[in-house]
Amino acid sequence: MQTALAKTQQRQFYLFVCSHSFLIGLFPFFLPVYLYKQGLSMAQICFFIAASAVTFTLGMYLWDSIKGKLTPFKLLAICYFLEIVMVASVVYAGPHLSSQPALAYIIAASYGLYQCFFWTTQRALFIERSTSSNTGDRYGNFQIFVVVALKIGVFIGGLLLEDQNTQLLFIISLITIITSFWLVIKLPGELNWPFLAWPTVSVKAIIRFKDNYRSKQIFALDGFFLFIESYFWLLSLFLILKQSFMQLGIMIIAITVMLSLVFLVLKSKIDKLPEQLVYSLSIIGYGLSWVLRAELEEDLSLFYQFVFLCLIAFLTALFRLAFNKRFFDLAVHYPKTPYILMKSYYSQATLVFAFGLLGLFYIDQNIFDSLNIGYWIAVVLTPLYFIYKTRSISNAGN
């Protein structure tokens, strides 16, 4: 049975995460498509990703350095404030990107900082609420709540962006931020975030980080895949759906409804299934999803497009569930700050390098060729996920 304190903390956690997920759906979810519609090329979008990774990395060091001096109230306020800054940068700099592409780096800077503070805080809170025996179920529960909030935001955001109504989008974001912040701090019971007392990680510790699970290599690999998944794939969907924000939002929501039924079953089963078998099968399926992305054609009927998109989404979601279970299982048993921070440091460093190179390579490429090249690179790199060891395998080998 949950104590009253545990229930309060759970409500605080879900309100914080779901409000941010709704806000992400309103606009940040559509950011790669918005940048493309404003005239940025694939090369410029890749440079945008690399630039946002720089500020994310700097933000990580700042987050880690100041967290011990902050109360939960203050860190919560910073997370919401950075979201306002990010949306404001888009509303006021975005319309001028076609004539002044360099303004994209202002958006990238605010986007990287906002992403850093939100995701790092969320992961820390999630780890504190989990044990190795329930990470799959907890992550599944967490994903269901997040997905519902995100897709409500996606529907509203798609509707507003279809009419280019960014001013109203900003107003809704601002009202949501103020209301959510007020609701979180007004819930009965104090905010209790023990991770604020975690020790600070030194630059030397970051450079020397190494373990028996091959985490460093996987962290670097996963950073690349997360942005191929979010930025490249969203652009592909947008192009397939005739560049309609509204159709994109509706298609994403329809796929999500189908996947939510799968998650309801998987979330409670994954902790009881053979972990290595599930993880291995999910990698094979994930590799297949990238082949399907590369082969998906615009001239398919809407029905077959939906079937292909559902299959791609299912294979991706299954992999993310299995991968995140392994990650959080390890994080729960690690000195907690190092593991989640190391993931971000190495993932973001890879983004700077990988998307900087892709940006240079894509300068003379059209968007369709650029996307397909990215997908075939993903096909080749997917098997590298097999090197990520679980705790049981690593311990058996010691």
Side-chain angles (χ1 to χ4, degrees), residues 16-17 19-21 23-24 27-29 31-32 35 45-90 93 102-128 173 177 180-181 193 195-207 209 216 219-220 222-227 230-231 327 331 336-356:
F16 168 65
V17 173
S19 63
H20 267 288
S21 297
L23 289 162
I24 288 169
F27 184 76
F29 176 85
L31 187 55
L35 295 173
I45 290 173
C46 286
F47 292 141
F48 175 93
I49 294 171
S52 69
V54 172
T55 55
F56 192 115
T57 305
L58 295 174
M60 284 291 305
Y61 190 80
L62 177 63
W63 183 93
D64 193 30
S65 299
I66 67 174
K67 71 181 188 307
K69 304 169 187 175
L70 297 175
T71 62
F73 175 88
K74 289 179 180 178
L75 181 54
L76 188 70
I78 291 172
C79 290
Y80 281 119
F81 173 73
L82 288 174
E83 179 125 34
I84 293 174
V85 171
M86 188 277 298
V87 178
S89 71
V90 173
L103 289 174
Y105 295 113
I106 295 176
I107 301 173
S110 61
Y111 178 73
L113 275 176
Y114 146 70
Q115 289 274 91
C116 166
F117 271 74
F118 167 56
W119 287 110
T120 308
T121 302
Q122 175 188 297
R123 285 172 183 153
L125 286 169
F126 182 83
I127 288 170
E128 288 186 335
S173 297
I177 287 167
S180 302
F181 181 66
W193 293 0
F195 70 83
L196 295 176
W198 289 353
T200 302
V201 180
S202 68
V203 174
K204 184 184 292 186
I206 296 168
I207 295 171
F209 173 68
K216 185 192 317 190
F219 293 166
D222 200 48
F224 172 78
F225 273 89
L226 284 172
F227 269 81
S230 56
Y231 272 58
F327 169 75
K336 296 173 185 175
T337 306
Y339 204 68
I340 66 166
L341 293 192
M342 293 306 175
K343 183 180 193 306
S344 293
Y345 276 122
Y346 281 95
S347 294
Q348 297 302 315
T350 303
L351 292 179
V352 177
F353 175 74
F355 283 94

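Note that the numbering runs from 1 along the sequence shown for the chain. Side chains included, hydrogens not; waters and symmetry mates left out as well; all remaining heavy atoms used. Not measured: the values here are computed from a predicted model.
Between Phe327 and Ile340, the shortest heavy-atom contact is CZ-CG2, 4.0 Å. In terms of heavy atoms, Met86 sits closest to Ser110 at CA-OG, 3.6 Å. Contact between Ile207 and Tyr346 at its shortest, heavy atoms only, is O-OH, 3.6 Å. Leu351 and Ile49 get closest at one heavy-atom pair: CD2-CG2, 4.5 Å. Ile206 and Met342 make their closest contact through CA-CE, 3.7 Å (heavy atoms, listed as atom of the first residue, atom of the second, distance). For Phe47 against Gly356, the heavy-atom pair with the smallest separation is CE2-O, 3.5 Å.
The line from CH2 of Trp119 to OG of Ser347 is 13.0 Å long, rounded to the nearest 0.5 Å. Atoms CE and CD, on Met60 and Gln115 in that order, are 12.5 Å from each other to the nearest 0.5 Å. Distance check: Ile107 CD1 to Ser52 OG gives 11.5 Å after rounding to the nearest 0.5 Å.
The number of heavy-atom neighbours closer than 6.0 Å to OH of Tyr61, taken from other residues, nucleotides and ligands shown, is 12 or below. Counting non-hydrogen atoms of neighbouring residues, nucleotides and ligands closer than 6.0 angstrom, the CZ atom of Phe353 reaches no more than 12 such neighbours.
Under the 30°/60° scheme for interplanar angles, the aromatic rings of Trp193 and Phe16 are found to be tilted.
Not one N or O on the side chain of Tyr114 forms a donor-acceptor pair closer than 3.5 Å with the backbone of Ile84. One N or O on the side chain of Thr55 and one on the backbone of Ala109 form a donor-acceptor pair closer than 3.5 Å.
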Item to check | Worked verdict on Leu31 versus Phe48 for side-chain contact (heavy atoms from CB on, under 4.5 Å) | outcome: CA-CA 11 Å; Leu31 187 55; Phe48 175 93; 3.7 Å; yes
Item to check | Cys116/Gln348 under side-chain contact (heavy atoms from CB on, under 4.5 Å): CA gap, chis, key distance, verdict | outcome: CA-CA 10 Å; Cys116 166; Gln348 297 302 315; over 6 Å; no
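Among residues two or more places apart in sequence or in another chain, the side-chain hydrogen bond (donor to acceptor under 3.5 Å, both in side chains) test is passed with Thr57 by none. Among residues two or more places apart in sequence or in another chain, the side-chain hydrogen bond (donor to acceptor under 3.5 Å, both in side chains) test is passed with Thr350 by none.
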Let me check something: any side-chain donor-acceptor pairs from residues 71-81 under 3.5 Å, sequence neighbours excluded? List them with distances.
| unit_1 | atom_1 | unit_2 | atom_2 | d |
| --- | --- | --- | --- | --- |
| Thr71 | OG1 | Lys74 | N | 3.2 |
| Tyr80 | OH | Ser19 | OG | 2.7 |

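Between Ile24 and Phe118, some side-chain heavy-atom pair lies under the 4.5 Å cut-off.
The ring of Tyr339 has its center closer than 6.0 angstrom to the ring center of Phe219. Aromatic pair Phe56/Tyr111: ring centres not closer than 6.0 Å.
The side-chain contact (heavy atoms from CB on, under 4.5 Å) test with Lys67 singles out one residue from Leu196, Leu62, Thr121, and that residue is Leu196.
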